[in-house]
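Only this structure's heavy atoms are used, side chains among them; waters, hydrogens and symmetry mates stay out. Keep in mind that this is a model prediction, so the values were computed, not measured. Note on naming: letters A, B, ... go to the chains in the order of the sequence lines (proteins, then strands), and numbering restarts at 1 for each one.
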Amino acid sequence: MRKSIKLGLGAALALSVSTAAVMAENVKIAFIDPLSGGFAATGINGLHQFEFAAETLVNAKGGVLEGDMFEILPFDNKVSPKESLIQLQVAIDQGARYIVQGNSSGVANALTEAIDKHNRRNPDSRVLFLNYSAVDPALTNEKCNFWHFRFDPHADMKMAALTDMMAENQDIKKVYVIGQDYSFGKAVADAAVSMLAEKRPDVEVVGNELHPIGKVKDFTPYARKIVSSGADAVITGNWGADMLGLGKSILENGFEGPIYTYYAAADGITAAFGESGVDSLYLIAEGDDNPAPKPETQEYIKAFKAKYPDGNMSQTRITNVIQMLAQAIEEAGTATDVVQVANALEGMTFTDSLWSTEEMVMREQDHQLIQDIHVYGHQPMEAPYDMDNSGYGLKVQFTVENASADIETTCDMQRP
Amino acid sequence: MDLVLVNLIDGLVTGLLLFMLSAGLTLIFSMMGVLNFAHASFYMLGAYFAYQISLALGFWMGLIFAPLIVGVIGAGVERYGLRRVHQYGHVPELIFTFGLALLIEELVQFIWGRNQMPYQIPDILNFTAFAISGNSIPAYKVFMIFISIAIFIGLLYVLTKTRVGMIIQAALSYPRTVEALGHNVPLIFMGVFGVGTALAGVAGVIAGPVLGTFPGMAFVLGSIVFVTIVIGGLGSLWGALVASLLIGWITTFAKSYNIRMENILNSVGISTPENLSDSAFRDIWAMTSPQIADILPYILMVLILIFRPYGLFGNREA
């Protein structure tokens with residue numbers, strides 16, 4: 001009896017070792033984002049989009065470098081910078097050479113610093129940081145480094161696109177800026193105030209206020225202030241429950257102008273606004289119109305929705321991350337020497353995006369991807385191009401091509 | 001001036017909602033000595049059940065049945081959980097309800113997922129009742145006010161005018177004597193726990209569409225409910241009502257007006273330091289009332305505990 005247990009154990013061990021040997025060929029991409037807790041919905045949906053993109057766009061086409069497959073390793077960081085650093089170490093120990101993360105700029109700031117340090121000290125196990133969603137401008141400015149690449153336009157670029165649109169809309173005379181009380185909320189407010197002053201000096205900012213993040217039960221008092229300030233438009237960087245609570249409250253209490261947001265879609269938000277958000281809610285993001293103009297993109301979305309019926313194709317930049325990484329690995333001829341991969345990624349012109357016919361450029365001086373930015377409206381939309389299966393989705397209202405391609409950067413890149 | 005009226009109404013809505021939660025909690029606390037940490041979780045369950053029922057049978061059926069289901073679950077928790085733990089003292093009871101709160105939150109996430117549910121205001125109430133200088137008061141808020149007031153009057157009637165109410169009140173203060181008189185005190189406990197949780201369920205049903213139905217909704221309200229019953233006085237229905245309204249109005253007004261700490265300090269004769277950015281008290285000077293609105297009830301609670309430990313209307317120490 002005991003012998004058979006030993007035998008079984010031995011066999012299991014041998015099996016696990018041999019699978020590890022097979023797996024060694026894989027290009028391991030560590031996904032470090034919240035998979036439990038309050039922001040888990042966003043994190044898990046992002047993970048599904050990464051897994052699907054790796055499977056469909058790379059592995060199903062034979063992988064990279066004649067047969068190496070992409071493998072996404074999920075790590076739960078609970079949106080905590082501290083936890084993220086622990087997970088980063090685990091990921092590196094498991095052989096991941098590429099780190100993807102997006103939720104919270106606080107986490108991204110911690111990761112980019114830790115990765116910079118790690119790469120200087122451990123030249124044999126260097127990693128790249130592919131940031132798909134953290135939009136603090138500092139990451140490609142004063143805090144930039146050679147290992148960090150950002151695929152999402154940062155907060156100032158988005159605000160530049162939004163204020164371009166507002167510059168053409170002479171109906172807007174008074175603007176109310178409201179956001180969550182932390183670095184990102186402040187960055188949005190500062191950008192809004194300074195860019196409006198530049199592009200529309202006649203517009204008056206009638207309110208500029210921050211509220212505690214994640215703690216407001218009822219946004220009615222804020223909504224009252226907005227309505228009684230006589231504002232024609234509201235700008236907010238809120239996300240999650242704060243976005244939904246603020247938006248619903250503003251609309252319920254009689255505000256009729258546009259609400260310009262960064263994150264008022266998907267993860268239950270689109271469904272919860274439903275009819276009430278039509279012609280009121282706007283969102284600034286990269287990506288493409290819905291239904292997607294490219295037939296292959298339509299197929300891709302349909303296949304994704306077939307696999308994840310409750311999921312949302314909400315972060316279109318994720319496919320760009322996967323495709324550009326694959327292209328860079330092919331160009332570099334290696335997946336393990338990340339310096340060569342980074343050199344290939346730096347300055348890369350990317351033409352195969354599912355979401356654009358234009359070329360995208362990974363800007364050399366700060367590793368910021370330059371692409372079109374759209375202002376979307378919350379509109380009725382047929383499945384599968386809607387969000388939250390609600391019959392509502394995002395429709396492009398205004399586009400800035402190659403947005404902020406020449407935006408200034410203070411980045412002083414140190415190359416190895 | 002118009003805004004004052006609007007804020008009074010908004011504060012009333014917030015306060016009455018808080019009252020429905022704290023009324024049940026204060027009765028349970030004073031009767032059984034149990035700090036029911038899971039109370040706000042029953043509020044969340046009410047919202048989720050009502051959402052699920054509303055998908056099939058509409059909002060009104062949800063309003064009737066969801067609190068009933070929550071009440072039955074609450075009574076079951078008392079009968080088969082708390083009563084067994086009770087013999088080991090208050091600390092195990094406390095831990096039991098705490099664990100229950102975590103369990104309910106995880107269960108809700110397991111069944112409904114982590115996203116916000118699209119639980120909507122019924123169409124028949126989805127219009128503007130009236131507007132005060134551009135600030136519209138939704139009909140649903142008026143409806144919330146009426147439901148809560150009806151519940152308060154109903155509770156007050158039952159507790160003070162009926163035989164059941166008298167026995168409950170007696171059991172609150174002298175459970176052993178009441179038991180000796182031949183009343184089934186454990187049954188009363190179970191009934192009070194059931195009704196208390198059902199009230200929390202009602203609050204969930206009517207708050208779900210406006211404050212959002214999401215797994216964090218219990219956590220957001222959890223601590224403020226305890227503050228309310230401590231301020232109001234344990235076991236006092238009037239205390240719960242007054243404290244709820246007080247908190248509703250204080251937070252609403254603090255958020256609606258940008259009162260700067262600088263102005264308050266200046267008006268009491270302290271002048272602003274010249275180098276504000278170098279001053280050690282910079283953060284205090286820069287504070288505004290909306291930023292601290294949510295901690296004002298806690299400050300009030302601390303003051304009450306210092307100067308009137310039995311609460312505004314209570315008659316025994318917290």
(message) Using a 4.5 angstrom heavy-atom cutoff, name the option from B:Asn135, B:Ile224, B:Thr288 with the most pairs to chain A.
(response)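 Looking at each of B:Asn135, B:Ile224, B:Thr288 in turn, B:Asn135 comes out on top.
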May I ask you to check whether [X] and [Y] place their ring centers less than 6.0 Å from one another?
X        : Y        : value
B:Phe152 : B:Phe19  : yes
B:Tyr140 : B:Phe127 : no
A:Tyr282 : A:His378 : no

Part of [X] within contact of chain B (heavy atom distance under 4.5 Å):
X        : answer
A:Glu209 : side chain
A:Ile269 : neither
A:Asp181 : side chain

Is chain A contacted by the side chain of [X], its backbone, both, or neither, given a heavy-atom distance below 4.5 Å?
X        : answer
B:Gln120 : side chain
B:Tyr119 : backbone
B:Ile121 : side chain
B:Pro290 : both
B:Thr128 : neither

(request) Quick one: list whatever passes side chain to side chain contact (heavy atoms under 4.5 Å, CB included) with B:Val302, sequence neighbours left out. (result)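 Residues passing side chain to side chain contact (heavy atoms under 4.5 Å, CB included) with B:Val302: B:Ile306.
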(message) For B:Leu55, is the CG atom crowded, meaning more than 12 foreign heavy atoms sit under 6.0 Å from it?
(response)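 Yes, CG of B:Leu55 has more than 12 neighbouring heavy atoms, counting only those of other groups under 6.0 Å.
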(request) Give me the one residue out of A:Thr270, A:Asn45, A:Thr42, A:Asp388 that meets side-chain hydrogen bond (donor to acceptor under 3.5 Å, both in side chains) with A:Ser314. (result)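 Of the listed residues A:Thr270, A:Asn45, A:Thr42, A:Asp388, the side-chain hydrogen bond (donor to acceptor under 3.5 Å, both in side chains) partner of A:Ser314 is A:Asn45.
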(request) Name, in order of residue number, those residues of residues 218-226 of chain A that have a heavy atom at a distance of less than 4.5 Å from a heavy atom in chain B; otherwise write 'none'. (result) A:Asp218, A:Thr220, A:Pro221, A:Tyr222, A:Arg224, A:Lys225
(message) Would you compute the distance between atom CG of A:Asn238 and atom CG of A:Leu210 and round it to the nearest 0.5 angstrom?
(response)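 The distance works out to 9.5 Å.
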Just list the side-chain donor-acceptor pairs under 3.5 Å for residues 43-53 of chain B, sequence neighbours left out, or say none.
{"unit_1": "B:Gln52", "atom_1": "OE1", "unit_2": "B:Trp112", "atom_2": "NE1", "d": "2.6"}

(request) Not counting sequence neighbours, which residues clear salt bridge (charged side-chain N to carboxylate O under 4.0 Å, His left out) with B:Lys141? List them please. (result)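 For B:Lys141 the salt bridge (charged side-chain N to carboxylate O under 4.0 Å, His left out) partners, ignoring immediate neighbours, are B:Asp10.
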(request) In plain terms, say whether A:Lys174 and A:Asp232 are close enough for a salt bridge, that is, a side-chain N and a carboxylate O under 4.0 Å apart. (result) no
